[in-house]
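Please read the structure below before turning to the comments.
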Amino acid sequence: MPRKSITPDTDLEQMSILDADGALDTDLEPDIAAETLLELHHTMLLARRFDERLLNLQRQGRIGTFPPCKGHEAAHLGAAAHLRPTDWMVPSFRELAALLWRGASLEQMLVFNNGFNEGGALPPDARTLPMAVPVGSQMLHAVGLAWAAQYRRTDEVVMTFFGDGATSEGDFHEAMNFAAVYQVPLVFVCQNNHWAISIPLHKQTRTPTLAQKALAYGMPGMQVDGNDLLSVYVAAGEAMARARGGGGPTLIECVTYRLIMHTTADDPTKYRSEEEVKAWLARDPLPRFQNYLKNKGVLADADLSAIEADIENRIQAAVTRAEARMAQPHDPLLMFEHLHAERPAELERQRRELADELDVAAKGATDG
Amino acid sequence: MPRKSITPDTDLEQMSILDADGALDTDLEPDIAAETLLELHHTMLLARRFDERLLNLQRQGRIGTFPPCKGHEAAHLGAAAHLRPTDWMVPSFRELAALLWRGASLEQMLVFNNGFNEGGALPPDARTLPMAVPVGSQMLHAVGLAWAAQYRRTDEVVMTFFGDGATSEGDFHEAMNFAAVYQVPLVFVCQNNHWAISIPLHKQTRTPTLAQKALAYGMPGMQVDGNDLLSVYVAAGEAMARARGGGGPTLIECVTYRLIMHTTADDPTKYRSEEEVKAWLARDPLPRFQNYLKNKGVLADADLSAIEADIENRIQAAVTRAEARMAQPHDPLLMFEHLHAERPAELERQRRELADELDVAAKGATDG
Amino acid sequence: MAKRTMVQALNLALRQEMAKDDRVIVMGEDVGLDGGVFRVTDGLVAQFGEQRVLDTPLAESAIAGMAIGMAIYGLRPVCEIQFSGFAYHSFHQLENHAARMRWRTQGGLHVPMVLRAPYGAGVRALEHHSESREAYWAHTPGLKMVIPSGPRNARALLVSAIRDPDPVIFYEAKALYRAFREEVPDEEETLPIGQARVAREGRDVTLITYGAMLPPTLEAAERLHAEEGIEAEVIDLLTISPLDDQTLADSLAKTGRAAVVHEAQRSFGVGAEVVARLMERAFYSLEAPIARITGFDTIVPYFSREKHYLPHADRIAGRVKDMIKAV
Amino acid sequence: MAKRTMVQALNLALRQEMAKDDRVIVMGEDVGLDGGVFRVTDGLVAQFGEQRVLDTPLAESAIAGMAIGMAIYGLRPVCEIQFSGFAYHSFHQLENHAARMRWRTQGGLHVPMVLRAPYGAGVRALEHHSESREAYWAHTPGLKMVIPSGPRNARALLVSAIRDPDPVIFYEAKALYRAFREEVPDEEETLPIGQARVAREGRDVTLITYGAMLPPTLEAAERLHAEEGIEAEVIDLLTISPLDDQTLADSLAKTGRAAVVHEAQRSFGVGAEVVARLMERAFYSLEAPIARITGFDTIVPYFSREKHYLPHADRIAGRVKDMIKAV
Ligand SMILES: Cc1ncc(C[n+]2csc(CCOP(=O)(O)OP(=O)(O)O)c2C)c(N)n1
Ligand SMILES: Cc1ncc(C[n+]2csc(CCOP(=O)(O)OP(=O)(O)O)c2C)c(N)n1
Ligand SMILES: [Mg+2]
Ligand SMILES: [Mg+2]
């Protein structure tokens, strides 16, 4: 060797298919059935409108803090679009459209976001994990699921989501490394929205792309325009096929932007400029995809208003149902349920402690 | 972009100067003063002989478990050779030659390895941190030291050591990332000895080199023959100069081999073949460097026996001193010292508890 | 003197210590321009610059581990972990190193760092944002664990923590951040770490608490006084470890009865240690078993049920009445 | 029946459960060819292959986090953390997720994993290899914490832990690994988690202990009997959490006096919870304060001083004599 440059065997690409001005690279354009396109659009729009409604409800004090997803819809939905019902999705906390695509219930989300544990209930056969608050921690669960799916010789694939900030956590590193070493069927989808709360990307990492972090693990990486559903769809489709075919994990970086606050407790004007937000508003994934559908003749303006109306009704109905449900008395003792398969004696005593207190209070109330 | 390969801006190299057969790349040969070469050799030999003696003592039950370093001497000494007294060294646990180069006391090491806290004592102005047992954890301390050195506008550089196994820990990732983001004066030296106890490199990572992990952080990386002191010396010299000049951190991978057990509690025949060990014995860094010195006319055979004798005496003297010291009564209450600057009341009570017990026992012994 | 919230008081402590001592470095996620998600570090970066107020990448082990290195160098890093529920990522750095460096080097190196973290429930937060796990740190030899209960002592204790030559874990009750204001003087104030204070004098029963549970405990004491003529002495621990058991034992010698109130789950919590210390140091004063009035051994429920989880004045007063009637 | 060391007994448990149930996967650093640094997994990879015995890269958070995913899928991962002193790296995975997944999903998903780790002092090891920090896990709602005291119960409890539908932290005393042999039947044996056992009957005083402290406690009991005619009842907790306080309270009702013995540092440790539970459940049986005979609130000293740190029969017997004389 004496002294020489090494160029690692890289499998690293960039891709954009439908740009912000509507220009379409027809060579790369994926062949998606019109029906699927419309379903994707419906989900994207539902996510956008529901997100707006959640914000509204939060501002009225009718639900608690939550992380809105405006601007991210294409970045996660384009990827999740490939998931079969038997595949696994391991979300972080900003994948509303993907969750809806996977069948999440609006009503449950409302109940969850209003501080009711009932809203987090999952059936035992759920293949979408609950939201993971501790940043990056969920990626390791995805590795375990994917390992198990492989061990069981299924063709299931796991897809996990995380942000640019998450790439700094040790868990990101360990998950990427384990996934590569075991060559598990796993697709890592990073929604790089340039900010982790107030920390801009250049304070998060010195690399120009996040995709290149794949090189540290011997894994293919791809950076795509995350506001272009088509790019994300194509990249994820390839990664899913690779994973399903035994080719191991892939890292996909979807370059996108959070068009809104980090959570409803956040004030983004403290740390980023209006111009920056405006520039990204011009790249909003929703109108971009809608224009594509219109140009393609898949979606007519008239249909759109019908869809909007339908979505509005669906959301309103869910809000009504959720609020009716939450207006019912809800058992404080629920907190003692489901901690273990069998409740230990001490916990049962504590449960009785609270039950007695509630009885006394209720009696006091009736007596008084 | 539509779709294209990305080649990240890499600064990644491989280097070997003096190969296992003694062939020397004279273009790359560093210009090291004869005196320094002899000092390096002396330290390398001292480390080898002391390591052997420690093993011997351990087998006789005269010290406890320790991690021998046979085979690693060039990999860490070649790097540490650049450290000025004002620079900081942050070791893992297999850098005996580097510690000796930095002035560590044989006697203290013997006392430490025989389970006496006294052996870990450091002066307040120590710039070599103590051995770090939790793999990879020390790398973050190196980042903090380097940040502080930069904050204080000094020209100090920090060098930290770790193994191939350590690159899997989250702390490795976080340290590399923080160091790159803050562009601190830090040199990361990985002693890749192909094994983390029984785990071979290919089960540790899927990448062909560890140096390429630097690409995930936007940091230059270099892979060198870690059994060639000259290669390590040149690579580390460049990295030190870069760090001192404000150019930020570098990752150096020294390819080497542990010619011995992981620790004295380990049985490497369980997991690796004799042939593999033999092949690496042929690449032993010590004779390679010695032959280089002899060919260069810096070291004569006669000198060598004198050096060996000197080293033997020095070690023997240290063993004698250490054992005499350990034969003295040593205060059990030392465990209560130095936990805090000021001892809290409860700890003082516990100290008295033990002191009273010892008094009673001592009285019992004299009475009996 | 100015009336300040706890957030403002903590900000004052940081600002003044930073102005006085260029070894003090504030670091953590979003502590710069954003001023921290609770605004405790608001304005510091404008005043002191990015070298003194370090926005970090999103990695808690690194925040703690890097701070250890800075502290060894001689700086006085004050880390913010955004929520205490994410401090576990840094557990190994604290346990393996911060807590041990002085001991390991026989006094050679030491780690004067502070790790601040908002803790506790009651602010309608998401999962992982409501825990009170101070017992983890308190059980770690070599660490100090401090929890203030109001703006004034928060400021004074934070100053002491920054100046402490050893690592201090400093938990701040989110529920108190803006709950009330207190006079907090501009002039320097410190409070000794390791010293509890009698927040209310009384002779009938000793109520031992800290952090966000002080207000409901005081309220319970007032109610006991008003409704039953029971005079409760309320002790505010302020420091969890090292625990000031002398103040507790002295109070018990007077009252003969005690309850410990905390929002953390009960088992293996701080209350257990309080009971054990009093067993050791005041057994013969005990006229009744010491009660633990605490959070339950569950996860803190999502916010619609927080009020049932958290000890409140009614519950505290009720349990104390029962205790006193039982004898 | 064969005489087995604890290492062999644990190996038997793993081997039989793996043979019986292909959901059981053993994973960790060096658990394959090397058989684990203490040889607990010796020979398993030869018998079951690399898919069942998974050598992992060196990353404890990943070991735990990956196991969580596997467990959610329906497997039964048994992770080995090489030494409990490195389990803190996985703390956030256990606290944030393993302990909460069932609760978070209202029973939908659950995490039947076991995390095994050797703990404790007494084997002349390096720093970080001697801790006993079971209280950290015991204080975490949603986790079970088990510590066997001998080959036979180690085997039976490990089988129960593997079959448990919830996460179990399983600490194995290094000092007991090869300390003695016991008859351990080839036939299946299980022991219920959450149940203490009376290891020695007595009427004068209750000694409560677990893990590696059982032998010195039993020795102290024999000495008390021989030297003073004191009959100590010795209770071996076996499970730390959930704590079987009923067995403890029953014993105290008989003896009126108790001491708790553990090697972990004293403050905020398991002993405190034992005292607090007995305060709550057996106060009126107490004839003397319950003593804590434990490790000190220091780091475990390097091995030349371990014997002074660890409770030993002399110390235990001496403290119990004092306690009984004092009354
Ligand atoms: C381990 C951990 N640390 C800190 C936080 C607080 N926090 C929540 S989201 C967030 C930023 C996440 O940034 P990124 O990964 O880029 O995702 P984004 O919010 O931009 O979608 C932080 C710091 C957390 N939830 N978990
Ligand atoms: C965090 C942590 N996990 C596990 C261990 C146990 N352990 C000690 S050394 C070692 C292997 C280290 O391998 P490597 O980093 O390659 O260094 P080497 O021993 O080969 O020099 C392991 C697993 C440890 N000390 N720390
Ligand atoms: Mg982001
Ligand atoms: Mg190695």
Side-chain angles (χ1 to χ4, degrees), chain A residues 1-17 19 23-25 27-28 136 167-183 199 202-219 221-225 231 234-235 248-249, chain B residues 1-17 19 23-25 27-28 136 167-183 199 202-219 221-225 231 234-235 248-249:
Chain A
M1 48 167 160
R3 178 163 192 156
K4 64 163 198 260
S5 276
I6 340 177
T7 320
D9 230 10
T10 61
D11 184 354
L12 205 59
E13 285 187 282
Q14 259 177 347
M15 183 163 56
S16 159
I17 297 176
D19 75 13
L24 177 69
D25 186 319
D27 288 347
L28 298 177
T167 65
S168 294
E169 284 284 2
D171 281 359
F172 161 84
H173 174 69
E174 299 187 11
M176 293 284 288
N177 188 47
F178 273 54
V181 165
Y182 296 124
Q183 287 290 291
I199 307 298
H202 72 272
K203 285 189 172 187
Q204 198 69 245
T205 179
R206 201 177 153 80
T207 58
T209 73
L210 296 175
Q212 78 189 77
K213 292 184 188 284
L215 301 181
Y217 310 98
M219 193 190 289
M222 188 173 262
Q223 185 188 54
V224 302
D225 182 342
S231 299
V234 170
Chain B
M1 52 168 156
R3 179 167 193 153
K4 63 161 198 266
S5 275
I6 342 179
T7 319
D9 230 8
T10 61
D11 183 354
L12 205 59
E13 286 186 281
Q14 258 177 349
M15 182 164 56
S16 157
I17 297 176
D19 77 13
L24 177 70
D25 187 319
D27 289 347
L28 296 178
T167 65
S168 294
E169 284 285 1
D171 281 358
F172 162 84
H173 174 69
E174 299 187 10
M176 292 284 288
N177 188 46
F178 272 54
V181 165
Y182 296 124
Q183 287 290 289
I199 307 298
H202 73 270
K203 286 190 171 185
Q204 198 68 248
T205 180
R206 201 175 154 79
T207 59
T209 73
L210 297 175
Q212 80 189 77
K213 292 185 188 283
L215 301 181
Y217 310 97
M219 195 191 289
M222 188 173 262
Q223 186 187 54
V224 301
D225 181 342
S231 300
V234 170

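The chains referred to below are lettered A, B, ... by the order of the sequence lines, with proteins before strands, and numbering in each begins at 1. What's counted below: heavy atoms across the whole structure, side chains too, no hydrogens, waters or symmetry copies.
- Residue pairs that meet the salt bridge (Lys or Arg N to Asp or Glu O under 4.0 Å) test with at least one member in residues 203-212 of chain A, sequence neighbours left out, are K203(A)-E50(C), K203(A)-D55(C).
- Comparing H173(A), K213(A), H202(A) by heavy-atom pairs within less than 4.5 Å of chain B, the highest count is held by H173(A).
- Taken from CE in M219(B) to CG in N177(B), the straight-line distance is 8.0 Å, to the nearest 0.5 Å.
- Using a 4.5 Å cut-off between heavy atoms, F178(A) does not touch chain B at all.
- In this structure, chain B has no heavy atom under 4.5 Å from any part of S231(A).
- Minimum interatomic distance between A214(A) and M176(A) (heavy atoms only, all atoms of both residues): CA-CE, 4.2 Å.
- The greatest number of non-hydrogen atom pairs below 4.5 Å with chain B, out of L210(A), V234(A), D19(A), L28(A), is found for L28(A).
- Contacts between Q204(A) and chain B at a heavy-atom distance below 4.5 Å involve the backbone alone (N, CA, C, O).
- A donor-acceptor pair is defined here as one N or O able to donate and one able to accept, closer than 3.5 Å; no such pair exists between the side chain of Q14(B) and the backbone of I6(A).
- Judged purely by atom type and a 3.5 angstrom limit, Q212(B) has no side-chain atom pairing as donor or acceptor with the backbone of L12(B).
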